[in-house]
Amino acid sequence: MKQENVVIIGSGPAGLTAALYTARANLNPLVITGNELGGQVSITYEVENYPGFPQGTTGPELVELMRRQAEKFGARVEINEVAEVDFTKGSPFYVKTHSEEYQAKAVIVCSGASPKRLGVPGEDAFIGRGVSFCATCDGFFFRGKEIVVVGGGDSALEEGLFLTKFANHVRVVHRRDTLRAGPVLSRRALTNDKMSFIWDTVVEEIVGNGKVEGVTLKNLKTGAVEKLTADGVFVYVGHYPNTSIFKGQLAMDDHGYIIADKLMATSVEGVFAAGEVQDPVYRQVVTSAGQGCQAAIMVERWLSARGLS
Ligand code: NAP
């Protein structure tokens, strides 16, 4: 079993910032990436609100810069997924990936959140055949096509706008008649010629033959049901926290988010949490990065107070 000072679970902005700070505190941290280096931001096309980038940047570029900066100070980034943890016996904590076992004096959980599904017929069956949760990954395949985007939040509009670069037309299907997204994105989306909105409406079914050919829509105000032809359906209806491996070990709220206090401490002493896995409210790259920094500082203090660093 490998011995570590700090294992950071997850490699989004929270994890990579926690890595940068613990590395600079000489703790030689190990980051276990999860199934995607960079987490959700790595599949975000444009990031326009991370300070220091007045021209904006892309998610993958920001992740790459964060990784390089953390590694420069000695963080190690391992591409692997954590399959099991045991926090019940206290420090050192047991962490197991698909290929290694570790004992860590402290752990920072930054495992983030994943996109929610609609749960309608056809959604699962057509994943990779017209149904997608990632415009950055799949937008290119929809050149000149008709696309439906589901949701009315920032993700739906941001990714929908990205899809207008490829698609013939993007129809945003939203269950209410007001957008949840902020004013900047809303204005940009509402004035985009290649985008239109279908209000008060939900997708009841995704239909096709081997690939997506359309959706069945229901207007929630009138009850009217109609079919709409579409080649792609991109779903952006929120997220759920990636906490299944921590169930029964760390205290969570009713929605499965880890409960962490202002010092990023979880219910287990020596285990800290940062980023969207414990934050259902702010969920920004900059807030996740800030929380990663906070958790790293608290880990350093926690270890040195116990003579463990
Ligand atoms: P979100 O803000 O929770 O929006 C989810 C959207 O999906 C809402 O419009 C919601 O409708 C709709 N929805 C939820 N369940 C649905 C269902 N079963 N069927 C149909 N529609 C459903 O999620 P998000 O857009 O992923 O954003 C998450 C967080 O990240 C937010 O805090 C957001 O501000 C942030 N974010 C920021 C940026 C940016 O600043 N550039 C970009 C992306 C995300 P209702 O409106 O009726 O609830």
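This chain uses plain numbering: 1 for the first residue, then up along the sequence.
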Heavy atoms of other groups near Asp124 CG, more than 12 under 6.0 Å: yes
Give me the ring orientation class for Phe140 and Phe166: parallel if the planes are under 30° apart, tilted from 30 to 60°, perpendicular past 60°. perpendicular
For the atom pair OG (Ser196) and CG (Leu190), what is the distance rounded to the nearest 0.5 Å? 10.5 Å
Counting C-beta onward and ignoring hydrogens, is there a side-chain heavy-atom pair between [X] and [Y] closer than 4.5 Å?
| X | Y | result |
| --- | --- | --- |
| Arg306 | Glu269 | yes |
| Pro51 | Val286 | yes |
| Ile198 | Val172 | no |
| Leu308 | Trp302 | yes |

Contact list for residues 130-190, test disulfide bond (SG atoms under 2.5 Å apart), sequence neighbours left out: Cys134-Cys137
Compile the donor-acceptor pairs under 3.5 Å between side chains in residues 144-163 and protein atoms, sequence neighbours left out, one pair per line.
unit_1, atom_1, unit_2, atom_2, d
Glu146, OE1, Arg171, NH1, 3.1
Glu146, OE2, Asn168, ND2, 2.6
Asp154, OD1, Gly182, N, 3.0

Which heavy atom of Val212 sits nearest to which heavy atom of Gly232, and what is that distance? CG1-N, 4.3 Å
Going by atom type alone, with no hydrogens or angles, which donor-acceptor pairs under 3.5 Å involve a side-chain atom of residues 69-78 and a protein atom two or more places apart or on another chain?
unit_1, atom_1, unit_2, atom_2, d
Glu71, OE1, Arg67, NH1, 2.6
Glu71, OE2, Arg67, NH1, 3.2
Arg76, NE, Asn28, OD1, 3.3
Arg76, NH1, Glu4, OE2, 3.3
Arg76, NH2, Glu4, OE1, 2.5
Arg76, NH2, Asn28, O, 2.8
Glu78, OE1, Tyr102, OH, 2.8
Glu78, OE2, Asn80, ND2, 3.2
Glu78, OE2, Tyr102, OH, 3.4

Quick one: side chain to side chain contact (heavy atoms under 4.5 Å, CB included) partners of Thr88, sequence neighbours excluded? Asp86, Gln249
Going by the rule side-chain hydrogen bond (donor to acceptor under 3.5 Å, both in side chains), which residues pair with Asp138 if we only count those two or more places apart in sequence or in a different chain? Ser132
Taking disulfide bond (SG atoms under 2.5 Å apart) as the test, write out the residues that go with Cys293, two or more places apart. none
